[in-house]
Amino acid sequence: KLGLMTGQFGISGANAAKLLKQMQAINGASIETNINLISSVGELARAEGVAPGQVLNDIAENTETFAQFAKDGGKNIGAAAIQARKLGLNLGTVAGIAENLLDFESSIEKSMEASMLLGRQVNLDKARELSLTGNLEGLQKEVLKQVGSQAEFERMNVVQRKALAEAIGISVADLGKMVAGEQTSAQLAAEKAKTQEKALQVEKALAYVTAGGAAAGGAATGAPTDA
C-alpha cells in the first residue's frame with residue numbers, strides 16, 4: 001500500500017516513511033490510518049490543482065513544523081501545505097510567519113511601523129490568533145487580507161513593501177509570490193467554476209433532448225391507427 005501511494009502521488013519512498021513515522025509519533029494512529037490520511041491530502045491537492053508530490057514531500061521535509069502545529073492527526077498541516085503551494089510558498093516559510101507573529105512584542109511593533117508607512121492599519125491580531133491555534137491555512141488567508149490585492153502591492157514603494165514584509169515575517173520576494181499566487185488561484189477557481197457551469201448546461205441540454213425523444217417515441221407507440 002505504501003508503494004502504491006508513492007507511485008500514485010509522487011512522494012519519494014524515503015519521505016513517505018519519514019512522514020508516516022512523524023504522524024505516528026504525533027497522533028498514535030495505525031500505519032493504515034495514516035496512509036489513508038496521506039492519500040486524502042494527495043487527492044485534495046490534486047482537486048485544488050496542486051501537484052500532490054510537491055505537497056506531500058514538503059510536509060515530510062518540514063517535520064519540525066508538523067511537530068509544532070499538527071492537529072486532528074495532521075489534517076491541518078495538509079491543508080496548510082496545499083494553500084502554501086497555491087501561493088508559491090512552502091511550509092517552512094509559513095511556519096516562519098507563524099513564529100514571527102508569536103513573538104508578540106516585536107510583531108506588534110513592526111505592525112505599527114508598517115501601518116504608519118502605509119497610511120492604513122495593518123492588523124495582524126487575527127493572524128496571530130490563528131498561528132497560536134495551529135491554523136496555518138487560515139493564517140495565510142488572513143495575511144493576504146492584510147496585504148491587499150496585487151494592484152495595491154504594486155503601488156507600494158520599496159520602503160513600504162519591506163516594512164510590510166518584516167511585519168509579517170517574510171521576505172519581500174515571498175510576499176510578492178503570495179500576492180501573485182492569490183491572483184492566479186482566484187483566476188483558476190473562476191475558470192473551474194465556469195467549466196463546471198458549462199458542463200452542467202450541457203448535461204441539462206442532453207437530459208432535455210433525451211426526455212423529448214422518449215416522449216416522442218411514447219406518443220408514436222400509443223398513437224391510434226386507421227381501421
Could you report the tightest heavy-atom contact between [X] and [Y], atom names first, then the distance?
X: Ile59; Y: Val41; answer: CD1-CG1, 4.4 Å
X: Phe66; Y: Gly73; answer: CZ-O, 4.0 Å
X: Lys162; Y: Val172; answer: CA-CG2, 3.8 Å
X: Gly134; Y: Lys71; answer: CA-CD, 4.5 Å
X: Ala127; Y: Leu101; answer: CB-CD1, 3.7 Å
X: Ala16; Y: Thr6; answer: CB-CG2, 3.9 Å

Only counting residues at least two apart or in another chain, list the ones meeting side chain to side chain donor-acceptor pair (under 3.5 Å) with [X].
X: Thr93; value: Asn90
X: Glu142; value: Gln146
X: Arg128; value: Ser107, Asp125
X: Asn57; value: Asn15

Mind running side-chain contact (heavy atoms from CB on, under 4.5 Å) on Val147 and Met178 for me, showing each step along the way? CA-CA 9 Å; Val147 174; Met178 281 187 83; 6.0 Å; no
side-chain contact (heavy atoms from CB on, under 4.5 Å), that's the test. Do Leu144 and Leu87 meet it? Break it down for me. CA-CA 10 Å; Leu144 279 168; Leu87 299 177; 3.8 Å; yes
May I ask you to test the [X]-[Y] pair for a side-chain heavy-atom distance under 4.5 Å?
X: Val55; Y: Phe9; value: no
X: Gln160; Y: Arg155; value: no
X: Glu129; Y: Leu132; value: no
X: Lys75; Y: Leu37; value: yes
X: Arg161; Y: Glu154; value: yes

Could you check Asn123, Val122, Leu124, Leu164 and say which one makes a side chain to side chain contact (heavy atoms under 4.5 Å, CB included) with Ser115? Val122
So, [X] and [Y]: side-chain donor and acceptor under 3.5 Å apart, yes or no?
X: Glu109; Y: Ser106; answer: no
X: Asn34; Y: Asn27; answer: yes
X: Glu43; Y: Gln8; answer: yes
X: Asn76; Y: Asp72; answer: no

If hydrophobic clusters are built by linking Ile, Leu, Val, Met, Phe, Trp and Tyr wherever their side-chain heavy atoms come under 4.5 Å apart, do Leu44 and Phe69 end up in the same one? yes
Say whether Leu102 and Leu91 are linked into one hydrophobic cluster, either directly or through other cluster members, by side-chain heavy-atom distances under 4.5 angstrom. no
For Lys141, which residues count as a salt bridge (charged side-chain N to carboxylate O under 4.0 Å, His left out) partner, sequence neighbours excluded? Glu137
Got a donor-acceptor contact below 3.5 angstrom from the [X] side chain to the [Y] backbone?
X: Gln140; Y: Leu136; answer: yes
X: Asp58; Y: Gln54; answer: no
X: Glu152; Y: Ser149; answer: yes

Rounded to the nearest 0.5 Å, what separates atom [atom1] in [X] from atom [atom2] in [Y]?
X: Ser12; Y: Leu19; atom1: OG; atom2: CG; result: 10.0 Å
X: Leu139; Y: Leu130; atom1: CG; atom2: CG; result: 6.5 Å
X: Ile77; Y: Ile82; atom1: CD1; atom2: CD1; result: 11.5 Å
X: Lys126; Y: Ser131; atom1: NZ; atom2: OG; result: 11.0 Å

Side chain to side chain contact (heavy atoms under 4.5 Å, CB included) filter on Val159, not counting sequence neighbours, yields Leu117, Asn157
Would one find more than 12 heavy atoms of other residues, nucleotides or ligands at under 6.0 Å from atom NZ of Lys18? yes
